[in-house]
Amino acid sequence: AESVAKIGSWQYDLLHARVYWSPQTAEMLGFPANSVASRYEDFLGVVHPEDRNDLEMAWQAALAGAPYETKFRVLVNGETRWLRERAEFERDERGRPVMAWGTIQDISQELATFEAASAQARAESSSRTKSHFLATLSHEIRTPLNGVIGLARIAREKDLSLPMRMEYLRLLEDSAQSLNAVITDVLDISKIESGRMEIESVAFSLRDLLGSLIKPYRLLAEDKGLVAPLAADPSLPPQVLGAPPRLRQVLNNYLSNAL
């Protein structure tokens, strides 16, 4: 039964510093099959160097009365195995531990299965994130692109006065700059992932930004029989600090969704 469940047992005589292994425990630790007794130091010798300190701290805490259940790695013939160990203690009339009994279970396959499932979950989450990113990216690009197409169409009108044509060309340039900002963000995706994306903070006229932003959408609104007025608060300061391209991008999305 121990072999099937990959569980072994042991007994530690603390008064005589001797550990007695079951055959299954000896096999898991890489000891000879007929090695039924050993020293605690021999056991520590097969524990992975990175796990020895934590294991020893857990053991010392258990000697002082704490529950003992821990996971650690052992190195057996060049192979790394994950083991789970539990123990109970017998104490004398003064509360000092004199004997310990425990079990060791090989959980390497259990952890491998868990890691495989976790890796699959991470891959599926990454796929969903990429799909969401592409959907968002498509929306971010289409918003200023629609402005470019609409303004270019209007600027081609034959009966358009030269001042109006120049104004539409200026708005066309603003929309193109917004599109360029989105494309730059895509090219800088590695900075976004590493948390190194820097947001500029410059002085700009919010009133001017809103004025240039609303004009293309007024044309879209007129096509749908709507109006898109701009009412700026008189107390709005002439200059504010911020990132104009980012603000324009956000407001573009709001207006595009609205229309």
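Numbers here simply count residues along the sequence, with the first being 1.
- One N or O on the side chain of Thr25 and one on the backbone of Ser9 form a donor-acceptor pair closer than 3.5 Å.
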Trace of the side-chain contact (heavy atoms from CB on, under 4.5 Å) decision for Tyr40 with Glu56: CA-CA 11 Å; Tyr40 180 69; Glu56 183 61 18; 3.0 Å; yes
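- Taking 4.0 Å as the cut-off between side-chain N and carboxylate O, Lys71 and Glu85 do not count as a salt-bridged pair.
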Residue pair Leu83, Leu29: steps toward the side-chain contact (heavy atoms from CB on, under 4.5 Å) verdict: CA-CA 9 Å; Leu83 305 180; Leu29 297 177; 3.8 Å; yes
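- Surrounding CD of Glu88 are at most 12 heavy atoms belonging to other residues, nucleotides or ligands under 6.0 Å away.
- Looking at Leu209 and Leu251, their side chains come closer than 4.5 Å, going by heavy atoms from C-beta outward.
- Within the 3.5 Å criterion, the main-chain N or O of Glu50 finds a donor-acceptor partner in the side chain of His48.
- Aromatic ring centres of Phe72 and Trp59: separated by at least 6.0 Å.
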Checking Arg128 against Ser125 for the side-chain contact (heavy atoms from CB on, under 4.5 Å) test, could you report, in this order, the C-alpha distance in whole Å, the side-chain angles of both residues, the deciding distance, and whether it holds? CA-CA 5 Å; Arg128 288 193 297 270; Ser125 176; 3.8 Å; yes
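- Between the side chain of Arg91 and the backbone N or O of Leu63, at least one donor-acceptor pair lies under 3.5 Å.
- More than 12 non-hydrogen atoms from other residues, nucleotides or ligands lie less than 6.0 angstrom from CE of Met99.
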Decide side-chain contact (heavy atoms from CB on, under 4.5 Å) for Val47 and Leu75; before the verdict, give the C-alpha distance in whole Å, the side-chain angles of both, and the deciding distance to 0.1 Å. CA-CA 6 Å; Val47 174; Leu75 299 174; over 6 Å; no
May I have the list of side-chain donor-acceptor pairs in residues 235-243 shorter than 3.5 Å, sequence neighbours left out?
from: Ser235; atom 1: OG; to: Asp233; atom 2: OD1; distance (Å): 2.8

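- Between Met28 and Val74 there is no side-chain heavy-atom pair separated by less than 4.5 Å.
- When every heavy atom of Ile214 is checked against every heavy atom of Gly211, the shortest pair comes out as CG2-O, 3.3 Å.
- When ring centroids are compared, Tyr20 and Trp10 stay outside the 6.0 Å threshold.
- Nearest heavy atom pair, residue Ala232 against residue Arg207, reads CB-NH1, 3.3 Å.
- Taking 4.5 Å as the limit, some side-chain heavy atom of Val98 sits within range of a side-chain heavy atom of Asp92.
- Between Asp51 and Arg73 there is a salt bridge, since a side-chain N of the basic residue sits under 4.0 Å from a carboxylate O of the acidic one.
- Between atom CZ of residue Arg39 and atom CG of residue Leu44 there is a gap of 10.0 Å, rounded to the nearest 0.5 Å.
- Thr70 OG1 to Met57 CE: the interatomic distance, rounded to the nearest 0.5 Å, is 11.0 Å.
- Under a 4.5 Å side-chain heavy-atom cut-off, the cluster of Ile, Leu, Val, Met, Phe, Trp and Tyr residues that includes Leu111 is completed by Trp82, Ile107.
- To the nearest 0.5 Å, the span separating CD1 on Ile7 from CG on Asp106 amounts to 10.5 Å.
- In this pair, Trp21 and Phe31 present their aromatic rings tilted. The plane angle is within the 30 to 60° band.
- Shortest non-hydrogen contact noted between Ser22 and Gly8 is OG-CA, 3.7 Å.
- Using a 4.0 Å cut-off between charged nitrogen and carboxylate oxygen, Arg81 and Glu79 count as a salt-bridge pair.
- Residues Trp101 and Glu90 meet the side-chain proximity criterion, which asks for heavy atoms closer than 4.5 Å.
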